[in-house]
Amino acid sequence: MGRRYGPYGGAYVPETLVPALAELERTWHEARRDPGFRKEHARLRRTFAGRPTPLHLARRLTQRAGGAEIWLKREDLVHGGAHKLNNALGQGLLAARMGKPRLIAETGAGQHGVATAIVGAALGLSVEVYMGEVDIARQRPNVERMRLLGARVVPVRSGRRTLKEAINAALRDWIANVRTTHYLLGSAVGPHPFPEIVAELQSVIGREIRTESRAAFGRLPDLAVACVGGGSNAIGTFRPLLRSSTELLGVEAAGPRGGGHGAATLSRGRPGILHGAYSYVLQDADGQVEETESISAGLDYAGVGPEHAFLKDSGRVRYTAVHDDGALAAFRWLAEDEGILPALEPAHAIYAAVGEARRRPARQKVVVTLSGRGDKDLEVVLGASRPRA
Ligand SMILES: *Cc1c(COP(=O)(O)O)cnc(C)c1O
């Protein structure tokens with residue numbers, strides 16, 4: 001059943017996918033040991049993706065919090081505007097190595113679809129992106145971006161016509177076309193070996209944080225904070241710090257104040273199987289997957305990566321949830337104090353980080369992963385009434 005994180009993870013998939021998952025795992029292990037692959041991956045990370053990204057001291061936000069120093073890990077500066085390219089680039093190279101000329105992907109807000117389309121164009125692979133009809137209507141600019149990058153966007157008309165159905169459609173396509181096609185999964189979720197591969201590809205974030213915090217303030221941070229949707233930017237931040245004494249905090253979306261469950265899977269879900277893995281799932285008493293709601297499309301998912309489920313149970317990582325209004329407030333703080341428009345996903349993490357910094361002495365260092373930039377969210381932010389800061 002594949003690798004486990006405690007009881008979590010595994011590969012609950014139809015028989016037809018088992019050889020493809022085994023091939024992917026084999027290719028991954030071979031590629032990691034191949035100096036030629038490593039060199040090409042490193043080159044593209046540097047000159048195409050724009051890594052390493054800086055660790056930036058947020059001076060005025062630190063003053064606002066009035067406690068520990070707040071540092072931003074600038075994944076918003078990665079090509080495409082978010083950490084998603086770290087994963088898409090690595091998996092695109094694996095697909096090319098397997099000789100698969102076609103990439104498929106699922107997307108909700110369109111960010112992962114855009115990252116996949118970027119990689120397909122750069123590596124000469126064809127790309128088809130499954131997207132719910134509702135999401136296509138509300139994420140027009142990203143749909144246009146994908147098309148300009150040469151990808152085909154496939155509308156999904158079943159169910160609620162959003163991300164969950166898009167994932168199911170992509171899985172069906174993969175089952176039918178597995179010999180020619182790589183399913184480029186967008187977060188640290190799904191059947192083994194995806195959570196492991198995505199976590200390792202995103203761990204470049206945490207490795208750079210280690211190096212950069214030693215250079216900037218002579219040691220590792222006291223606390224690292226990241227937002228959790230499927231959990232890829234968070235696990236990439238946390239993994240290289242797991243064996244240190246740095247405290248780790250994952251921040252989920254609590255959704256609208258006074259609303260339902262939001263999308264706080266770890267805070268309010270319970271263990272179950274979704275999209276090929278055993279992890280926490282937001283589900284009702286009968287095990288039906290619940291509808292989620294969040295102001296940030298990238299956190300709006302009823303599942304979460306299995307390693308986070310394990311890290312929560314073990315107590316090594318703390319998880320909390322921030323409401324929509326907190327994320328909107330943090331968006332404005334970062335814009336007005338620092339000159340940075342953050343994506344609404346990491347705005348949840350910024351809000352929690354400011355609260356943590358406020359309770360800590362000035363000598364402490366808090367690092368927040370700023371997973372993406374906010375250009376995609378301007379309409380949502382302008383549509384919301386101005387919150388009091
Ligand atoms: C997609 C997205 C997320 C959520 O995905 P994770 O896999 O949890 O990292 C967070 N931030 C941004 C900017 C995103 O685009």
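Heavy-atom basis, side chains included; hydrogens, waters and symmetry copies ignored. Quick caveat: nothing in here was measured; it's all calculated off a predicted structure. Ligands are counted one by one from 1 in listed order, and the atoms in each one are counted from 1 as well.
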Rounded to the nearest 0.5 Å, how far does CZ of R74 lie from CD1 of I205? 13.5 Å

What atoms of ligand 1 come closer than 4.0 angstrom to any heavy atom of S187? 6 (P), 7 (O)

Any G231 heavy atom less than 4.0 Å to ligand 1: yes

Proximal ligand 1 atoms for G372, defined as those under 4.0 Å from one of its heavy atoms: 13 (C)

Under 3.5 Å between some N or O of ligand 1 and some N or O of G230? yes

Could you identify the single nearest non-hydrogen protein atom to atom 3 (C) of ligand 1 and state the distance to 0.1 Å? K84 NZ, 3.6 Å

Quick one: which ligand 1 atoms are inside 4.0 Å of a heavy atom on G229? 8 (O)

Taking all non-hydrogen atoms of both residues, which atom of R64 and which atom of R358 are closest, and how far apart? O-NH2, 3.8 Å

Should H83 be listed as contacting ligand 1, given a heavy-atom distance under 4.0 Å as the test? yes

Numbered in order shown, the ligand 1 atoms found under 4.0 Å of a heavy atom of Q111 are 15 (O)

What about L123 and V127, same hydrophobic cluster or not, with Ile/Leu/Val/Met/Phe/Trp/Tyr joined at side-chain heavy-atom distances under 4.5 Å? yes

Here the gap from L93 atom CG to T27 atom OG1, rounded to the nearest 0.5 Å, amounts to 12.5 Å

One finds that the ligand 1 atoms under 4.0 Å from a non-hydrogen atom of C227 are 10 (C)

Could you note down all residue pairs passing salt bridge (Lys or Arg N to Asp or Glu O under 4.0 Å) where residues 77-91 supplies at least one of them, sequence neighbours left out? none

Give me the residue, atom name and distance of the protein heavy atom closest to atom 4 (C) of ligand 1. G298 O, 3.3 Å

Distance under 4.0 Å to a non-hydrogen atom of S232: what atoms of ligand 1 satisfy this? 6 (P), 7 (O), 8 (O), 9 (O)

Given salt bridge (charged side-chain N to carboxylate O under 4.0 Å, His left out), test E40 with R43 step by step and report yes or no. CA-CA 5 Å; E40 178 64 356; R43 182 184 75 86; 3.0 Å; yes

When distances are taken from atom 12 (C) of ligand 1, the protein heavy atom at minimum range is S371 OG, 3.5 Å

Passing option when T369 is tested against N233, D76, T237 for side chain to side chain donor-acceptor pair (under 3.5 Å): T237

Test item: E165 side-chain N/O and R160 main-chain N/O as donor-acceptor pair under 3.5 Å: yes

